[in-house]
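Let me begin by presenting the structure, written as structure tokens, before commenting on it.
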Amino acid sequence: MRQNGIHHVTAIAGPARRNLEFYTRTLGLRLVKKTVNFDDPGTYHFYYGDEAGRPGTILTFFPWEHAAPGRLGIGETQETVFRVPEGSIGYWMHRLVEKGVPHENPERRFGESVLAFKDPDGMRLALVAVPGIEGEPAWSGGDVPAEHAIRGLHGVSLLLKEAVPTGAILTDVLGFAEIAREGSLARFRAGDTALGGIVDLREAGGFLQGRPGAGTVHHVAFRAASDAVQDEMVQKLIAHHGIRPTEQKDRNYFRSVYFREPGGVLFEIATDEPGFAVDEPAERLGGALKLPPFLEARRASIEAVLPEVA
Ligand code: ZN
């Protein structure tokens, strides 16, 4: 069966060092790639994920030292949700308290136990307790014991004026189907994809528009197994929805097209190939600053402007 679902989520952060410390130390994710924003090479691009940086485990950031805070609103990702084993919620409650991370009490959503919290930039995150995933691979080289470690993304929720047009893109183009409703939330699932398989659409009517900035999600990327599958999706977007994405851009670790979905959220379709081990060995992922070939000649001047992070 075709693997659909979320490939990665990319957000805007404040200071790079604080971002790195929170995601690798407090949350125990692996830094799987340290590179720069290819469109703005004076800025880092950090990729966090599981041990191998598999699609569906990746959260990435553009950290700007002096980024102004964004504001959550219509046409934005409301929350980014990770999966943890069912028995680990207690561990995580304790950990968030111990680390002084602002959080809410666990609540039930769609029958699942969810623990919502915020990162140092105010980005809304949550952990969802998923039964039966204790045996899934987990990064054991971090500060969180492997038994409690995050097992990739569960999904995202999007805050929208109306859900139907966005739902049509998810179902017709991106391989999702609507599986449940709860209050103003409609839940979409990508087949039997475990990692990053969920998108919740929250219809909020005339709420304020979002404003980009630190603590907000820049875009959500969805998976295409190959260039051919990506092209099929692009043809459907054009023919059925009148949406023409960008040309394909080579992001070194995947190849991407971008488009704004009808609800205003920036979507990307990223290939599963070639992955993060393309320019450094799997056991040393995230160890060195990696640059794409077209920026390698400018390495010295790029390194000179990037903030110290370690
Ligand atoms: Zn992306």
Side-chain angles (χ1 to χ4, degrees), residues 3-13 16 19 23 29-41 43-50 52-64 67 70 75-77 79-82 123 125 152-153 155-156 158 166 169-170 173-175 190 193 195-197 199 210 212-227 229-231 233-234 237 243 245-261 263-276 278-279 285-286 290-292 294-295:
Q3 287 289 293
N4 290 114
I6 294 169
H7 184 285
H8 65 266
V9 173
T10 292
I12 300 168
N19 180 262
Y23 285 94
L29 298 176
R30 185 177 193 190
L31 177 69
V32 294
K33 195 62 64 180
K34 181 163 65 174
T35 182
V36 295
N37 181 341
F38 291 4
D39 301 322
D40 176 15
T43 305
Y44 278 119
H45 193 181
F46 294 150
Y47 290 76
Y48 305 104
D50 72 352
R54 288 178 297 162
T57 72
I58 301 292
L59 174 60
T60 98
F61 287 91
F62 299 131
W64 277 294
E76 284 196 14
T77 299
E79 187 176 65
T80 302
V81 186
F82 295 105
M123 179 171 162
L125 302 168
L153 291 169
V156 293
L158 309 181
T166 304
I169 302 290
L170 289 172
V173 179
L174 299 172
T193 303
L195 294 174
V199 175
T216 67
V217 169
H218 186 264
H219 62 265
V220 180
F222 294 89
R223 292 175 66 179
S226 63
D227 289 336
V229 173
Q230 185 188 66
D231 190 55
M233 291 172 161
V234 167
L237 271 173
I243 295 173
T246 63
E247 293 293 295
Q248 192 190 62
K249 295 178 196 288
D250 185 355
R251 298 314 194 185
N252 231 17
Y253 315 106
F254 42 84
R255 293 176 293 278
S256 300
V257 299
Y258 301 83
F259 64 98
R260 207 161 282 280
E261 57 81 32
V265 183
L266 185 61
F267 277 7
E268 170 181 349
I269 303 172
T271 57
D272 284 356
E273 326 163 314
F276 293 99
V278 72
D279 61 357
L285 288 179
K290 305 306 289 186
L291 297 175
F294 76 96
L295 291 174

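Each ligand, and each atom within it, is numbered from 1 in the order the structure gives. All residue numbers in this chain count up from 1 along the given sequence.
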### Task
Apply the test side-chain contact (heavy atoms from CB on, under 4.5 Å) to residues W64 and D40: give CA-CA distance (whole Å), side-chain angles for both, the deciding distance (0.1 Å), then the verdict.
CA-CA 11 Å; W64 277 294; D40 176 15; 3.5 Å; yes
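Residues H7 and D272 share a closest heavy-atom pair of CD2-OD1, 3.8 Å.
Taking the six-membered ring for Trp and the full ring otherwise, the centers of F61 and H45 sit at least 6.0 Å from each other.
Take the N/O/S atoms of E268: the one nearest the Zn ion (ligand 1) is OE1.
Using cut-offs of 30° and 60° for the angle between ring planes, the F38 and Y253 rings count as tilted.
The Zn ion (ligand 1) has H219 among its coordinating residues (N/O/S atom, backbone or side chain, under 2.8 Å). The nearest N, O or S atom of H8 is closer to the Zn ion (ligand 1) than 2.8 Å.
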